[in-house]
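Working notes, beginning with the structure itself.
Reckoned from all heavy atoms, side chains included, excluding hydrogens, waters and symmetry mates.
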Amino acid sequence: FFFQAEDGIRDKLVTGVQTCALPISPYGSNWSVYFDGTQTSPSLTFPSITAYDLGSTSQWTYECWVYFASTSGEQSIMERWSGTSGPGWLLTKLSTNAYRAHFGSSVYIDTGAIAVVGQWIHLAVSRNGSTGSLFVNGTRQATTTSVANFTDGTDPLVFGERNSGSQTFPFNGYISNARIVKGSYV
């Protein structure tokens, strides 16, 4: 699993967590992190640092590849979210199989029902000024023009579950090649 935050210091090849090589891959050496979809499955957590703050930056993108083993229920993909209602940002798969991106506590966008089992899917969330967009496999699926600066969460950056106590929305499948790019709209 490779995670990159564009501050030049946070590039990490994550080792020592449960990984699996699949016969298909978004690219590279076929490695990803597996989450088993249970609330006892460990998430992948990075300490809270300002490199993950997006609220006051006018241009940014965060992205990753996902491979669902199951699309049952809501599943949290990646987030820097505090509590059950924010503030912060997040990317999740809803129980309707739509994807949702939150920009702070009150602004969010949803796609149509497009999550599928058994194939790699590239997801990207971008902000360019007041416009926020959610892309699936390179195609813009949802847009809002009401993204203002928002308060960032103070919790860690988490992959594979919601960092809000008992409401964890565990991910069931693989996540690979995540990155956060600040200062440009990719």
Closest non-hydrogen atom pair between [X] and [Y], with its separation:
X    : Y    : answer
S105 : P87  : OG-CA, 3.3 Å
D155 : S82  : OD2-CA, 3.4 Å
P170 : T38  : CB-O, 3.4 Å
T111 : A98  : O-CB, 3.0 Å
Y62  : A101 : OH-CB, 4.3 Å

E74/K93 salt bridge by N-O under 4.0 Å criterion:
no
Pair D53 + K182: basic N to acidic O under 4.0 Å:
no
Verify same cluster id: [X], [Y] (apolar side-chain graph, 4.5 Å):
X    : Y    : answer
F171 : V117 : no
V66  : L94  : no
V136 : Y185 : no
I109 : W89  : yes
F159 : I180 : yes

Is there a side chain to side chain donor-acceptor pair (under 3.5 Å) between S72 and S70? Walk through the geometry before answering.
CA-CA 6 Å; S72 177; S70 167; 4.7 Å; no
Quick check: does any side chain N or O of R127 sit under 3.5 Å from a backbone N or O of G129, one acting as donor and the other as acceptor?
yes
Answer yes or no: is there a donor N or O on one side and an acceptor on the other, between the side chain of S48 and the main chain of T154, under 3.5 Å?
yes
Given S133 and R140, is the side chain to side chain donor-acceptor pair (under 3.5 Å) satisfied, shown in steps?
CA-CA 7 Å; S133 300; R140 186 185 323 229; 2.9 Å; yes
Would R100 count as a cation-pi partner of Y108, with NZ or CZ less than 6.0 Å from the six-membered ring centre and within 45° of the ring normal?
yes
Give the ring-plane orientation class for W60 versus F150, where under 30° counts as parallel, over 60° as perpendicular and anything between as tilted.
perpendicular
Kindly assign one of parallel, tilted or perpendicular to the pair Y174 and Y34, based on the angle between their ring planes and the thresholds 30° and 60°.
tilted
Passing option when I77 is tested against T92, V158, L123 for side chain to side chain contact (heavy atoms under 4.5 Å, CB included)
L123
Is there a side chain to side chain contact (heavy atoms under 4.5 Å, CB included) between V181 and Q59 once you walk through the steps?
CA-CA 9 Å; V181 179; Q59 291 184 320; over 6 Å; no
Report the C-alpha separation of T139 and N137 in whole Å, then their side-chain angles, then the decisive distance to 0.1 Å, and conclude whether the side chain to side chain donor-acceptor pair (under 3.5 Å) test is met.
CA-CA 6 Å; T139 302; N137 290 329; over 6 Å; no
Yes or no on side chain to side chain contact (heavy atoms under 4.5 Å, CB included) for S126 and E63, after CA distance, side-chain angles and deciding distance?
CA-CA 9 Å; S126 296; E63 63 184 334; over 6 Å; no
